[in-house]
Number of protein chains: 2
Amino acid sequence: MTSEEIAKLCGVSRATVSRVINNSPNVKEETRQKILAIIKEKDYVPIASARRLAGIDSNIIGLFVLDINISESTTRVSKSAYFSQLVNLIIDQANNFGFQVLVSIITSEKQLTEIRNLFISRTIFSAIFIGAFNEESQLDDNIILEYPTIIIDRQSKSAEEKPNRLVINLDNFEGAYNATQFLIKSGHTRIGHISGDLRKLSGIERYKGYKKALEDAKLCFDRKLVREGNFLEDSGYQLAYEILEENITAIFCANDVMAISAIKAIKEKGLSVPEDISVIGFDNTAIGNYIMPALTTVDAPLEYIAQTCIESLKYFCKNKHFKEKEIRIKTNLIIRESTKEA
Amino acid sequence: MTSEEIAKLCGVSRATVSRVINNSPNVKEETRQKILAIIKEKDYVPIASARRLAGIDSNIIGLFVLDINISESTTRVSKSAYFSQLVNLIIDQANNFGFQVLVSIITSEKQLTEIRNLFISRTIFSAIFIGAFNEESQLDDNIILEYPTIIIDRQSKSAEEKPNRLVINLDNFEGAYNATQFLIKSGHTRIGHISGDLRKLSGIERYKGYKKALEDAKLCFDRKLVREGNFLEDSGYQLAYEILEENITAIFCANDVMAISAIKAIKEKGLSVPEDISVIGFDNTAIGNYIMPALTTVDAPLEYIAQTCIESLKYFCKNKHFKEKEIRIKTNLIIRESTKEA
DNA sequence: TATATAGATGAACGCGCGTACAATTTGAAT
DNA sequence: ATTCAAATTGTACGCGCGTTCATCTATATA
């Protein structure tokens with residue numbers, strides 16, 4: 001079924017059918033209704049590639065989960081509940097606004113080329129990157145810079161030179177600061193930190209927030225109380241064992257998954273949470289509320305992030321530029337049962 | 001950059017450039033090399049829509065997570081770790097084979113129309129559905145039936161009439177049967193079951209496997225020991241409270257998430273796992289190994305499912321039909337610490 | 001009634017590419 | 001040198017649609 005055939009059935013020219021489809025005002029209402037009826041009856045949908053070729057932009061957003069293995073033991077972002085959830089929410093929002101979403105998990109530098117190709121071939125008109133490493137990489141490829149791009153969880157170094165780029169970040173620093181401060185106010189003085197991947201902005205900032213809170217409270221920051229993890233189950237579990245040797249009474253973990261597995265390690269050592277050790281996570285993953293004890297954590301409003309992404313993109317489509325260059329999203333401490341006065 | 005420009009730069013016609021791009025053998029090797037060099041130098045990538053229009057099929061697979069709310073409290077498939085993981089793995093496999101994946105979460109019947117449109121507009125050439133309800137629905141739309149479609153977790157009623165359809169299912173029945181049998185062999189006689197959504201094949205079959213194992217062991221099946229859940233945290237938690245009233249010593253949960261939250265409920269009641277109550281989950285989610293106690297569960301080999309999906313699709317592309325109509329994937333019982341002799 | 005004007009429609013071109021078919025070149029055999 | 005088949009390359013059309021510009025129709029004004 002083509003617009004040509006629809007036109008014939010309606011006794012009009014293809015141009016008029018096209019006008020109806022593209023909401024041109026210059027069509028007599030009567031004609032419009034007749035054409036719409038036939039279109040509906042015949043289940044006609046324009047061939048997307050033909051529209052694209054004729055100049056209509058793609059409505060597909062590329063959503064790329066950066067999961068590049070620098071070393072063997074690097075974070076597998078794509079496996080974390082946090083990112084899965086965010087991906088889902090972005091897709092949902094996008095669909096609501098009539099966008100489609102093409103998702104790809106980038107595990108090697110080589111695949112970055114494929115992203116370029118998706119742009120050049122006009123398959124996608126925009127890209128959202130999540131889980132990006134902090135370092136500059138081929139993401140700054142000139143080709144990619146031509147198109148509207150949103151980056152989540154990555155520092156913006158020279159935003160002013162990149163008009164088509166929007167950086168959206170959780171206020172990881174503040175979230176970590178508040179979590180740590182909460183522990184301090186509860187009377188804890190020896191507070192450990194199991195960090196995330198320190199090549200990622202979220203890992204770095206949560207670490208910094210933890211450190212700053214200690215310093216502001218005049219508590220001595222002790223490097224030995226910090227262990228570098230990678231946001232995954234195993235590192236939370238292993239590092240909790242190590243950190244428990246340091247005579248601490250609380251641990252701030254850089255995400256829920258590590259917090260949950262840290263709790264397991266703590267229990268295995270014969271200690272209990274929160275009686276002996278308080279534990280705080282980050283992300284407010286669904287399961288956190290359903291473990292024993294329920295996890296105190298920092299809520300990352302993923303839905304709001306997703307919404308912000310798509311609305312910003314919508315804005316870009318209209319105005320050919322983003323409204324802001326950088327957006328910082330506030331977190332919210334959720335106090336449950338894994339923490340207690342010292 | 002167009003093939004026309006490349007042709008000009010190479011001093012050949014556009015046809016020859018096109019031949020090189022599409023691996024036609026009828027090009028002199030010397031010419032081919034020269035053209036390839038220029039293509040690489042100029043970063044030329046053909047406009048996808050132009051190729052499509054000229055008859056080359058899309059390489060985009062539509063991956064649809066069916067998450068239709070029939071009632072208010074219906075499962076949100078898209079939120080479960082199980083499906084997120086499966087989605088990730090399918091994307092990965094697809095990318096390996098040169099396919100792209102467009103993901104969409106279908107939350108209303110209305111959106112099914114959009115799937116049709118994606119086909120009709122030739123945006124996607126194939127679809128994979130996961131989390132499908134057991135009932136027949138618009139999925140059997142004639143349009144959709146024209147294209148290669150894979151359905152995961154749904155009964156195939158009349159496969160013979162649907163040549164372009166492949167059904168891939170976990171052997172949920174056997175997995176549940178083995179899990180239950182394991183509990184029986186461990187000496188448990190009053191074994192409860194927190195089921196999944198019983199409108200889904202996985203929910204139904206896991207329930208049936210549980211029941212059959214009891215019957216085969218001459219243990220009396222008691223409907224009161226079964227509670228219908230929906231695969232989500234909350235139902236595992238709530239229903240565990242209920243089911244504990246029935247004087248049981250073990251619970252088989254239809255997935256890990258419910259098992260984990262059931263454990264919380266059990267502990268809150270002052271009982272311990274596995275000393276008082278043994279708990280088995282299903283899925284072998286990552287976190288299951290990092291809770292206390294580590295969860296005994298049924299492993300669903302998601303990676304293998306993903307692989308099977310994409311290989312089947314690859315086969316279809318070559319032969320214009322699927323090799324099989326239905327594939328059943330074996331599970332594997334993983335015994336950890338949440339179960340114990342009665 | 002003649003004329004101007006806004007409103008509605010149609011004809012035709014171009015978007016970039018694949019490919020059938022025609023044209024040309026090459027190389028070997030005579 | 002001539003011939004012919006095979007290898008290689010070019011020409012030209014069609015894929016389905018958006019849109020400009022020209023054309024036509026209906027209405028209002030003089």
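Chain naming here is simple, since letters A, B, ... match the order of the sequence lines and numbering starts at 1 in each. Quick caveat: nothing in here was measured; it's all calculated off a predicted structure.
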Name all residues meeting the salt bridge (Lys or Arg N to Asp or Glu O under 4.0 Å) criterion together with R19(A); count only those two or more places apart in sequence or in a different chain, and write none if there are none.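 Once residues adjacent in sequence are excluded, R19(A) has no partner under the salt bridge (Lys or Arg N to Asp or Glu O under 4.0 Å) criterion.
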Would you please classify the geometry between the Y147(B) ring and the F119(B) ring as parallel, tilted or perpendicular, with 30° and 60° separating the classes?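 Rings of F119(B) and Y147(B): parallel, under 30°.
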Starting at atom [atom1] of [X], determine the distance to atom [atom2] of [N], rounded to an integer number of angstrom.
X      : N       : atom1 : atom2 : value
R52(A) : dC15(D) : CZ    : C1'   : 16 Å
E29(B) : dT9(D)  : CD    : P     : 11 Å
L53(A) : dG18(C) : CG    : C1'   : 13 Å
I39(B) : dC17(C) : CD1   : P     : 10 Å
N26(A) : dG10(C) : CG    : P     : 14 Å
E30(B) : dA7(D)  : CD    : P     : 17 Å
K28(A) : dG10(C) : NZ    : P     : 10 Å
D57(A) : dC15(C) : CG    : C1'   : 13 Å

Taking E326(A) first and then R328(A), would you say they form a salt bridge - that is, a charged N and a carboxylate O separated by under 4.0 Å?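 Salt bridge between E326(A) and R328(A), a charged N being under 4.0 Å from a carboxylate O: yes.
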Got more than 12 heavy atoms from elsewhere within 6.0 Å of CZ, F97(B)?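 More than 12 within 6.0 Å, yes.
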Determine whether more than 12 heavy atoms belonging to other residues, nucleotides or ligands lie under 6.0 Å from atom CD of E303(B).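 No, CD of E303(B) has 12 or fewer neighbouring heavy atoms, counting only those of other groups under 6.0 Å.
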Pairs meeting criterion salt bridge (charged side-chain N to carboxylate O under 4.0 Å, His left out) with involvement of residues 3-13 of chain A, two or more places apart: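 Non-adjacent pairs meeting salt bridge (charged side-chain N to carboxylate O under 4.0 Å, His left out): E4(A)-R14(A).
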Would you indicate what R32(B) reaches in the nucleic acid, counting non-hydrogen atoms under 4.0 angstrom: base, sugar-phosphate, or nothing?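 The answer is nothing, as R32(B) stays clear of every strand by at least 4.0 Å.
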Under 4.0 Å, heavy atoms only, any strand: does T31(B) hit a base, just the sugar-phosphate, or nothing?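 Sugar-phosphate, backbone atoms only, no base.
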Would a line drawn from the ring center of F125(A) to the ring center of F99(A) be shorter than 6.0 Å?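 Between F125(A) and F99(A), the centre distance is under 6.0 Å.
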Reckon S49(A) has a side-chain N or O less than 4.0 Å from the OP1 or OP2 of dG16(D)?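 Result: no.
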List the protein contact pattern of nucleotides 17-22 of chain D with one symbol per nucleotide (5' to 3'): B for base contact, S for sugar-phosphate-only contact, - for none; contact means a heavy-atom distance under 4.0 Å. BBBBB-
